[in-house]
Amino acid sequence: MPELPEVETIRRQLEPELLGSVIVDCAAFDHPKFTPAHLAVGHRVVGIRRRGKYLLVGLAAVGAAPDPTHELVIHLGMTGRLWIEPDDHHALEATDQPYQRARWRLDDGRTMVFSDVRRFGRIAVTVRNDHRGLNTLAQMGPEPFDPAFQPEPLRRGVNASRQAVKTQLLSQRLVAGLGNIYADEALWAARVHPGARRITRAQAERLSETIREVLAAGIAAGGTTLRDYRDASGATGRFQMQLRCYGLAGHPCERCGTPLARTVIDARSTTFCRTCQRR
DNA sequence: CGATTTCCCTGGCCGC
DNA sequence: TGCGGCCAGGGAAATC
């Protein structure tokens with residue numbers, strides 16, 4: 001369940017490793033979600049950005065100007081992992097390792113590996129910034145740490161729809177990068193009911209602030225590992241020790257002592273405090 | 001067009 | 001011990 005903090009952690013680890021390397025070969029799992037990995041071959045990595053939960057590896061054709069013309073788009077889905085293997089004697093087609101969906105061979109002999117047990121991940125190569133065909137990415141809302149992310153647009157966006165505020169947060173359209181864990185944490189910290197259809201200015205102020213706070217804390221802790229998540233070095237995150245709401249149904253609310261409640265919103269398990277998160 | 005539902009996947013867990 | 005059944009969950013496609 002890599003969300004923004006987990007993807008950002010991986011991005012920071014991979015960028016210095018990949019920068020300047022040329023992708024010289026590729027093997028991919030035979031499924032339309034993964035075979036586009038081949039399209040990255042013949043390009044040099046000139047940067048790695050992140051938009052929401054997407055990694056965008058900047059690509060420039062070998063021998064061309066060092067400006068990115070394309071990007072390798074990687075979404076980790078639920079169980080996606082990325083890492084770099086040192087130069088060794090393994091064949092590119094060493095897919096005897098289970099669940100490997102793509103292996104990219106670099107010009108210095110190293111290999112970047114993408115594995116994904118549940119195959120909810122996705123790989124694409126696009127013209128830079130042309131994300132037609134990747135709807136969620138094309139309609140991605142502002143990055144939470146960008147000045148463009150403001151309380152008023154958040155409030156207007158939530159109130160313009162009949163959907164629950166949590167559904168809106170998960171849609172990626174009002175703000176980028178939240179998944180189930182950090183959405184529950186931010187709503188709890190802002191004392192906003194996850195099922196609310198409308199929010200006030202004061203709530204939008206608090207929510208925009210707590211979204212930034214929980215995501216920043218998540219990044220600082222190297223992400224959240226509940227089961228599957230590992231960073232590019234194979235390490236677990238540590239934010240699971242700091243969770244105050246997600247997955248804690250039945251435990252007393254830290255603020256008021258009321259046992260946290262569990263419900264389902266948008267087919268997502270949702271934890272909240274009935275007492276301090278009023279509609 | 002916006003909202004809702006369904007589907008994709010598989011390991012882990014529960015109950016019998 | 002074995003097995004059927006169910007759950008988790010991001011995002012896209014299908015449907016309403």
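Throughout, a chain's letter reflects where its sequence line sits, starting with A, and its residues are numbered from 1.
- In this structure, the OH atom of A/Y99 is 19 Å from the P atom of B/dC8, given to the nearest Å.
- To the nearest angstrom, C1' of B/dT4 lies 12 Å from CZ of A/R197.
- For A/R50, the CZ atom sits in a packed shell: over 12 heavy atoms of surrounding residues, nucleotides or ligands are nearer than 6.0 Å.
- A cation-pi arrangement is not found for A/R110 relative to A/W104, the charged atom failing to lie both closer than 6.0 Å to the ring centre and inside a 45° cone about the ring normal.
- For the helix from B/dG2-C/dC16 to B/dC16-C/dG2, the end axes, each set by the C1' atoms of five terminal pairs, are bent relative to each other by 50° (nearest 10°).
- Around atom CZ of A/R212, more than 12 heavy atoms belonging to other residues, nucleotides or ligands sit under 6.0 Å away.
- The nearest whole Å value for the distance from the CZ atom in A/R81 to the C1' atom in B/dG11 is 12 Å.
- Going from atom NZ of A/K166 over to atom P of B/dT4 covers 16 Å, rounded to whole Å.
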* Mind running salt bridge (Lys or Arg N to Asp or Glu O under 4.0 Å) on A/E209 and A/R206 for me, showing each step along the way? => CA-CA 5 Å; A/E209 195 170 321; A/R206 293 201 303 269; over 6 Å; no

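- Mapping A/R101 and A/S161 onto DNA chain B by nearest heavy atom places A/S161 closer to the 5' end of the strand.
- Contact record, A/L215 with A/P144: CD1-CG, 3.5 Å, taken as the closest heavy-atom pair.
- For the pair A/Q163 CD and B/dG2 P, the interatomic distance rounds to 11 Å; values are reported in whole Å.
- For the pair A/R101 and A/F29, the cation-pi criterion (under 6.0 Å, within 45° of the ring axis) is fulfilled.
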* **Contact letters for nucleotides 6-11 of chain C, in which S counts primed atoms plus P, OP1 and OP2 and B counts the base, heavy atoms under 4.0 Å** => --BBBB

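- Under a cut-off of 6.0 angstrom, the local environment of NE2 in A/H251 is sparse, with at most 12 non-hydrogen atoms contributed by other residues, nucleotides or ligands.
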* To do: Assess whether salt bridge (Lys or Arg N to Asp or Glu O under 4.0 Å) is satisfied between A/E205 and A/R201, documenting all intermediate values.
  => CA-CA 6 Å; A/E205 291 272 357; A/R201 285 172 201 268; over 6 Å; no

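- The NE2 atom of A/H31 sits 8 Å away from the C1' atom of B/dC8 (whole-angstrom rounding).
- Of all non-hydrogen atoms in A/R51 and A/E143, the two that sit nearest each other are NH1-OE2, 2.9 Å.
- With rounding to whole Å, A/Q139 atom CD is found 14 Å from B/dA3 atom C1'.
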